[in-house]
Protein chains: 2
Amino acid sequence: MPTKTYLSLLRQLASCYQAFESYSAGHIRSLGLTPAQFDLIVTLGNTAGMNFKELGEKTLITKGTLTGVVDRLVAKGLVRRLASATDGRSQVVQLTEKGAALFARVFPAHLEHLKPAFARFGSSDLEQAEATLLRLRQAFEEARGRGN
Amino acid sequence: MPTKTYLSLLRQLASCYQAFESYSAGHIRSLGLTPAQFDLIVTLGNTAGMNFKELGEKTLITKGTLTGVVDRLVAKGLVRRLASATDGRSQVVQLTEKGAALFARVFPAHLEHLKPAFARFGSSDLEQAEATLLRLRQAFEEARGRGN
DNA sequence: TATTGTTATACTCTATAACTATA
DNA sequence: TATAGTTATAGAGTATAACAATA
């Protein structure tokens, strides 16, 4: 396999993600949230809440950072901390009423913001693209698992 | 088009990029560089240098941030600033001998690190994946250009 | 007047590790 | 001993805007 080929694929992946991020982040910031904060709100949306460990696994934010991100969302009144009923060391983070209302308002709005980008994609295009990305992701995860 | 479909494609894109980033960033940090610094070194590699404006366009780092990133690379002795010959306001950033030597050593090593992930991709797989990402990227750029 | 790069401000995220309270 | 979350530290990227020098 020629080096040049996978290198240009990687460049495309990075450019594509950056294009998505820059398109998406502009809208998120206009809501007064950072991408990490939005990620947390969306992860907590339509759930009864979850502890820091689960939240860290889903968002890929490490626990030290997570404390700070949650602090800022608490300060905005969007989430609250509750003691876990089953584990005295553990806390549950959940959306407040205000946070749930924000989620209910901004998540659909964010999807509407993203939707026009897919105007020319039919459902088979979408499925094919998703399959390609899945395969690529698994390739990285396997290589990582092999300790490369 | 069902909302669910493009949403899951976007999740795949984010997961895929994160898998790449985490696989790639580990290696970059082991070289004592941050991803942004590595990006700059690679961008400047095999060139005679470029000014801040060009550098910002290629790396998508805004000019305010760029001053700081370049400062840190200057402190490491990897790049230098030169006054532009043609524009008194402008400066050219170029790799020092030490920076060029680092580039010559780490860029191929980084490609070797990435290569095993593509073990099961044939050249038609790579081309197809690249075409998919290109199409997706253009969709975001067009939507952004339309001011969505 | 517009552009290039610097500086300043204030915030946010990252990595790491020591620490506490509980399991 | 191990785990959940907090705190502390130091560094790095982000957005924004004001600014000096030059075009």
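Here is how names work: the chains are called A, B, and so on, in the same order as the sequence lines, proteins then strands, and each is numbered from 1.
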- Query: Reckon A:Thr34 touches a base, only the sugar-phosphate, or nothing at all at heavy-atom distances under 4.0 Å?
  - Reply: sugar-phosphate
- Message: Counting only side-chain heavy atoms from C-beta out, which of C:dA23, D:dT6, D:dG13 sits nearest to A:Asp87?
- Response: C:dA23
- Task: Rounded to the nearest angstrom, tell me the gap between atom NE2 in A:His27 and atom P in D:dA15.
- Result: 17 Å
- Should B:Phe121 and B:Leu134 be regarded as members of a common hydrophobic cluster, given that ILVMFWY residues are connected when their side-chain heavy atoms come within less than 4.5 Å of each other, either directly or indirectly? no
- Query: Side chains of A:Ser8 and A:Gln12: do they bring a donor and an acceptor to under 3.5 Å?
  - Reply: no
- C:dT12 P sits how many Å from A:Phe38 CZ, rounded? 17 Å
- Query: In whole Å, what is the span from the CZ atom of A:Phe52 to the P atom of C:dT22?
  - Reply: 16 Å
- Most 5' of A:Lys53 and B:Thr86 on DNA chain D, judged by nearest nucleotide: A:Lys53
- Message: I'd like to know if B:Glu54 and B:Lys58 make a salt bridge, using a cut-off of under 4.0 Å between side-chain N and carboxylate O.
- Response: no
- Task: May I have the distance from A:Glu57 (atom CD) to D:dG5 (atom P), rounded to whole angstrom?
- Result: 10 Å
- Task: Compare side-chain N and O positions of A:Ser90 against OP1 and OP2 of D:dG5 and report whether any pair is under 4.0 Å apart.
- Result: yes
- Query: Which part of the nucleic acid, if any, lies within contact of B:Thr62, taking any heavy atom under 4.0 Å across all strands shown: a base, the sugar-phosphate backbone alone, or nothing?
  - Reply: sugar-phosphate
- Note on the structure: Whole-Å distance, A:Glu21 CD to D:dT14 C1', equals 12 Å
- Task: Remember a base hit wins even if backbone is also touched, and classify B:Gly64 as base, sugar-phosphate or nothing at under 4.0 Å, heavy atoms.
- Result: base
- Query: In terms of the nearest nucleotide of DNA chain C, which residue is placed more toward the 5' end: A:Gly88 or B:Leu66?
  - Reply: B:Leu66
- Between B:Arg72 and D:dG13, is there a side-chain N or O to OP1/OP2 distance below 4.0 Å? yes
- Query: Is any side-chain nitrogen or oxygen of B:Lys63 closer than 4.0 Å to OP1 or OP2 of C:dG5?
  - Reply: no
- Message: Looking at C:dA2, I'd like to know if its phosphate oxygens (OP1 or OP2) sit under 4.0 Å from a side-chain N or O belonging to B:Arg89.
- Response: no
- Specify the separation, in whole Å, of atom CD1 of A:Ile61 and atom C1' of C:dA15. 14 Å
- A:Glu57: salt bridge (charged side-chain N to carboxylate O under 4.0 Å, His left out) partners, not counting sequence neighbours: none
- Message: Less than 4.0 angstrom between a side-chain N/O of A:Thr65 and OP1 or OP2 of C:dT12, yes or no?
- Response: no
- Between atom CE in A:Met50 and atom C1' in D:dG5, what is the gap in whole Å? 17 Å
- Task: Would you indicate, yes or no, if D:dT6 has its OP1 or OP2 atom less than 4.0 angstrom from a side-chain nitrogen or oxygen of A:Thr67?
- Result: yes
- Message: Of the listed nucleotides (D:dG5, C:dG5, D:dG13), which one gets closest to any side-chain atom of B:Ala36?
- Response: D:dG13
- Counting heavy atoms from C-beta on, name the nucleotide in C:dG5, D:dT6, D:dT14 closest to the side chain of A:Arg81. D:dT6
- Query: Would you call B:Phe103 and B:Asn46 a side-chain contact if the rule is heavy atoms closer than 4.5 Å?
  - Reply: yes
- Message: Are A:Ser24 and A:His110 packed together at the side-chain level, in the sense that at least one heavy-atom pair is separated by less than 4.5 angstrom?
- Response: yes
- Assign each of A:Val92 and A:Arg29 the nucleotide of DNA chain D bearing its closest heavy atom; nearer the 5' end lies the nucleotide of A:Val92
- Find the distance B:Asp71:CG to D:dG11:C1' and express it as a whole number of Å. 14 Å
